[in-house]
Amino acid sequence: MEKVVNAVGEKQARYRQMYLEHHGFMISYAEGEWCQLAKQEEYRKDFEGWGQTVKSLIAMINAFHKGCLCLLGDAAHDLTPHYGQGESILIEDAYTLSSLLGHCSFSSDPPAAFEAHDYVRMPRTYKVIVTSREQGNILSFESPEAESDPKKIAERLDREKRLWMWNLDVEGHCKEAQGKFEEGRTGR
(Lines give C-alpha, C1' and ligand atoms only; values in the text may rest on other atoms or scores of the structure.)
Protein backbone atom coordinates (compact mmCIF):
# COMPACT_ATOMS: atom_id res chain seq x y z
CA MET A 1 0.00 0.00 0.00
CA GLU A 2 2.86 2.35 0.79
CA LYS A 3 4.11 2.11 -2.78
CA VAL A 4 0.63 3.07 -4.08
CA VAL A 5 0.34 5.98 -1.62
CA ASN A 6 3.73 7.28 -2.75
CA ALA A 7 2.73 6.99 -6.39
CA VAL A 8 -0.75 8.56 -6.31
CA GLY A 9 -1.29 10.10 -2.88
CA GLU A 10 -3.13 9.08 0.27
CA LYS A 11 -6.72 9.79 -0.84
CA GLN A 12 -6.39 8.16 -4.24
CA ALA A 13 -4.72 5.09 -2.75
CA ARG A 14 -7.04 4.47 0.20
CA TYR A 15 -10.46 5.21 -1.32
CA ARG A 16 -12.28 4.07 -4.42
CA GLN A 17 -11.74 6.53 -7.25
CA MET A 18 -13.28 6.96 -10.68
CA TYR A 19 -11.34 8.75 -13.41
CA LEU A 20 -13.37 9.90 -16.42
CA GLU A 21 -12.01 10.60 -19.88
CA HIS A 22 -13.47 10.73 -23.37
CA HIS A 23 -14.17 7.19 -24.65
CA GLY A 24 -13.14 5.49 -21.43
CA PHE A 25 -12.85 5.54 -17.67
CA MET A 26 -10.95 3.79 -14.90
CA ILE A 27 -12.02 2.73 -11.43
CA SER A 28 -9.43 2.09 -8.77
CA TYR A 29 -10.08 0.35 -5.47
CA ALA A 30 -8.05 0.44 -2.28
CA GLU A 31 -5.88 -2.60 -1.86
CA GLY A 32 -7.15 -4.74 0.96
CA GLU A 33 -7.92 -8.29 2.00
CA TRP A 34 -10.58 -8.64 -0.71
CA CYS A 35 -8.61 -6.86 -3.40
CA GLN A 36 -5.04 -7.88 -4.16
CA LEU A 37 -2.85 -6.67 -6.96
CA ALA A 38 -2.06 -9.31 -9.56
CA LYS A 39 0.70 -9.54 -12.13
CA GLN A 40 -0.18 -9.39 -15.82
CA GLU A 41 1.01 -13.00 -16.25
CA GLU A 42 -1.57 -14.15 -13.68
CA TYR A 43 -4.39 -12.50 -15.61
CA ARG A 44 -3.24 -14.15 -18.85
CA LYS A 45 -3.03 -17.55 -17.12
CA ASP A 46 -6.49 -17.20 -15.49
CA PHE A 47 -8.17 -16.44 -18.82
CA GLU A 48 -6.07 -18.66 -21.06
CA GLY A 49 -8.26 -20.33 -23.65
CA TRP A 50 -11.23 -17.99 -23.10
CA GLY A 51 -11.82 -15.83 -26.13
CA GLN A 52 -14.33 -14.13 -28.32
CA THR A 53 -15.87 -17.43 -29.38
CA VAL A 54 -17.10 -18.15 -25.84
CA LYS A 55 -18.46 -14.61 -25.47
CA SER A 56 -20.22 -14.91 -28.83
CA LEU A 57 -21.79 -18.24 -27.89
CA ILE A 58 -23.06 -16.92 -24.57
CA ALA A 59 -24.46 -13.81 -26.28
CA MET A 60 -26.54 -16.08 -28.56
CA ILE A 61 -28.26 -17.87 -25.69
CA ASN A 62 -31.86 -16.72 -25.55
CA ALA A 63 -32.64 -18.55 -22.31
CA PHE A 64 -30.63 -19.29 -19.21
CA HIS A 65 -31.33 -23.01 -19.46
CA LYS A 66 -31.50 -25.89 -21.89
CA GLY A 67 -32.82 -29.23 -20.74
CA CYS A 68 -31.44 -29.84 -17.26
CA LEU A 69 -28.62 -27.28 -17.55
CA CYS A 70 -29.21 -23.82 -16.11
CA LEU A 71 -26.70 -20.97 -16.25
CA LEU A 72 -26.49 -18.40 -13.46
CA GLY A 73 -24.70 -15.10 -12.90
CA ASP A 74 -22.02 -14.03 -15.36
CA ALA A 75 -22.29 -17.33 -17.24
CA ALA A 76 -25.84 -16.37 -18.23
CA HIS A 77 -25.66 -12.58 -18.41
CA ASP A 78 -23.52 -10.37 -20.61
CA LEU A 79 -23.07 -7.72 -17.91
CA THR A 80 -20.70 -4.81 -18.24
CA PRO A 81 -19.04 -3.66 -15.00
CA HIS A 82 -20.56 -0.17 -14.92
CA TYR A 83 -23.04 -0.89 -12.12
CA GLY A 84 -21.03 -3.55 -10.28
CA GLN A 85 -24.08 -5.83 -10.25
CA GLY A 86 -22.49 -9.13 -11.33
CA GLU A 87 -22.42 -10.74 -7.90
CA SER A 88 -25.83 -9.31 -6.98
CA ILE A 89 -27.37 -10.81 -10.10
CA LEU A 90 -25.72 -14.16 -9.31
CA ILE A 91 -27.12 -14.13 -5.76
CA GLU A 92 -30.60 -13.20 -7.05
CA ASP A 93 -30.37 -15.99 -9.67
CA ALA A 94 -29.25 -18.57 -7.12
CA TYR A 95 -31.86 -17.57 -4.56
CA THR A 96 -34.68 -17.62 -7.12
CA LEU A 97 -33.61 -20.94 -8.63
CA SER A 98 -33.03 -22.60 -5.25
CA SER A 99 -36.50 -21.53 -4.11
CA LEU A 100 -37.94 -23.19 -7.23
CA LEU A 101 -35.86 -26.36 -7.03
CA GLY A 102 -36.91 -26.75 -3.41
CA HIS A 103 -40.46 -27.30 -4.68
CA CYS A 104 -39.55 -29.98 -7.21
CA SER A 105 -41.20 -33.27 -6.28
CA PHE A 106 -40.59 -35.27 -9.44
CA SER A 107 -37.59 -35.78 -11.69
CA SER A 108 -39.63 -34.15 -14.46
CA ASP A 109 -40.00 -30.87 -12.48
CA PRO A 110 -36.62 -29.15 -13.05
CA PRO A 111 -37.38 -28.03 -16.64
CA ALA A 112 -40.52 -26.25 -15.38
CA ALA A 113 -38.43 -24.67 -12.61
CA PHE A 114 -35.88 -23.47 -15.18
CA GLU A 115 -38.67 -22.03 -17.38
CA ALA A 116 -40.10 -20.16 -14.38
CA HIS A 117 -36.60 -18.93 -13.49
CA ASP A 118 -36.14 -17.55 -17.02
CA TYR A 119 -39.60 -15.99 -16.92
CA VAL A 120 -38.80 -13.77 -13.92
CA ARG A 121 -35.05 -13.34 -14.31
CA MET A 122 -34.68 -12.45 -18.01
CA PRO A 123 -36.58 -9.11 -17.96
CA ARG A 124 -34.77 -7.89 -14.86
CA THR A 125 -31.30 -8.92 -15.96
CA TYR A 126 -31.90 -7.50 -19.44
CA LYS A 127 -32.78 -4.14 -17.87
CA VAL A 128 -29.58 -4.25 -15.75
CA ILE A 129 -27.54 -5.12 -18.86
CA VAL A 130 -28.99 -2.25 -20.90
CA THR A 131 -28.74 0.38 -18.16
CA SER A 132 -25.22 -0.74 -17.24
CA ARG A 133 -24.12 -0.22 -20.85
CA GLU A 134 -25.83 3.18 -20.85
CA GLN A 135 -23.93 4.09 -17.67
CA GLY A 136 -20.68 3.07 -19.36
CA ASN A 137 -21.48 5.40 -22.25
CA ILE A 138 -22.21 8.23 -19.82
CA LEU A 139 -18.95 7.66 -17.92
CA SER A 140 -17.02 7.59 -21.21
CA PHE A 141 -18.64 10.84 -22.41
CA GLU A 142 -20.25 8.89 -25.25
CA SER A 143 -23.88 9.47 -24.26
CA PRO A 144 -25.55 11.85 -26.72
CA GLU A 145 -27.82 13.04 -23.90
CA ALA A 146 -24.99 13.94 -21.50
CA GLU A 147 -21.85 14.29 -23.64
CA SER A 148 -19.15 15.72 -21.35
CA ASP A 149 -21.39 18.16 -19.49
CA PRO A 150 -20.85 17.55 -15.73
CA LYS A 151 -24.38 18.69 -14.83
CA LYS A 152 -25.99 16.38 -17.40
CA ILE A 153 -23.73 13.51 -16.33
CA ALA A 154 -24.67 14.00 -12.66
CA GLU A 155 -28.34 14.11 -13.65
CA ARG A 156 -28.04 10.84 -15.59
CA LEU A 157 -26.14 9.16 -12.74
CA ASP A 158 -28.69 10.25 -10.13
CA ARG A 159 -28.94 7.61 -7.40
CA GLU A 160 -32.73 7.83 -7.29
CA LYS A 161 -32.93 6.58 -10.88
CA ARG A 162 -31.17 3.34 -9.87
CA LEU A 163 -33.20 2.43 -6.79
CA TRP A 164 -35.21 -0.13 -8.80
CA MET A 165 -32.03 -2.15 -9.11
CA TRP A 166 -31.20 -2.19 -5.42
CA ASN A 167 -34.71 -2.53 -4.02
CA LEU A 168 -35.80 -5.81 -5.53
CA ASP A 169 -38.54 -7.52 -3.54
CA VAL A 170 -36.76 -10.89 -3.59
CA GLU A 171 -39.61 -12.75 -1.90
CA GLY A 172 -42.12 -11.26 -4.35
CA HIS A 173 -39.78 -12.18 -7.20
CA CYS A 174 -39.64 -15.78 -5.97
CA LYS A 175 -43.41 -15.87 -5.47
CA GLU A 176 -43.93 -14.77 -9.09
CA ALA A 177 -41.51 -17.50 -10.23
CA GLN A 178 -43.30 -20.05 -8.05
CA GLY A 179 -46.62 -19.18 -9.71
CA LYS A 180 -45.10 -19.66 -13.16
CA PHE A 181 -43.53 -22.93 -12.00
CA GLU A 182 -46.89 -24.27 -10.81
CA GLU A 183 -48.43 -23.34 -14.18
CA GLY A 184 -45.65 -25.25 -15.94
CA ARG A 185 -46.07 -28.30 -13.76
CA THR A 186 -49.82 -28.48 -14.28
CA GLY A 187 -49.42 -27.89 -18.01
CA ARG A 188 -47.50 -31.11 -18.63
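Residues Leu157 and Arg162 form a side-chain contact, since some pair of their non-hydrogen atoms from C-beta on lies under 4.5 Å apart. The shortest side-chain heavy-atom distance between Arg185 and Phe181 falls under the 4.5 Å cut-off. Counting heavy atoms from C-beta outward, Thr131 and Glu134 have side chains that approach closer than 4.5 Å. Residues Trp164 and Arg124 meet the side-chain proximity criterion, which asks for heavy atoms closer than 4.5 Å. Residues Thr125 and Gln85 form no side-chain contact, since every pair of their non-hydrogen atoms from C-beta on lies 4.5 Å or further apart. Side-chain atoms of Tyr95 and Glu171, non-hydrogen and from C-beta on, do get closer than 4.5 Å to each other. Looking at heavy atoms from C-beta onward, Tyr83 lies out of side-chain contact with Ile129 at the 4.5 angstrom threshold.
The hydrophobic cluster containing Val170 does not contain Leu163, counting ILVMFWY residues as joined when their side-chain heavy atoms lie under 4.5 angstrom apart, directly or transitively.
A donor-acceptor pair under 3.5 Å is formed between the side chain of Ser99 and the backbone N or O of Thr96.
The two residues Asp109 and His103 make their nearest non-hydrogen contact at OD2-O, 4.3 Å.
Within a 6.0 Å radius of NE2 in His173, more than 12 heavy atoms belonging to other residues, nucleotides or ligands are found.
Checking Glu176, Lys175, Glu182 one by one against Gln178, the side chain to side chain donor-acceptor pair (under 3.5 Å) holds for a single residue, Glu182.
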I'd like a table of donor-acceptor pairs (distance under 3.5 Å, sequence neighbours excluded) in which one partner is a side-chain atom from residues 147-155, with atom names and distances.
residue : atom : partner : partner atom : Å
Asp149  : OD1  : Lys151  : N            : 2.8
Asp149  : OD1  : Lys152  : N            : 3.3

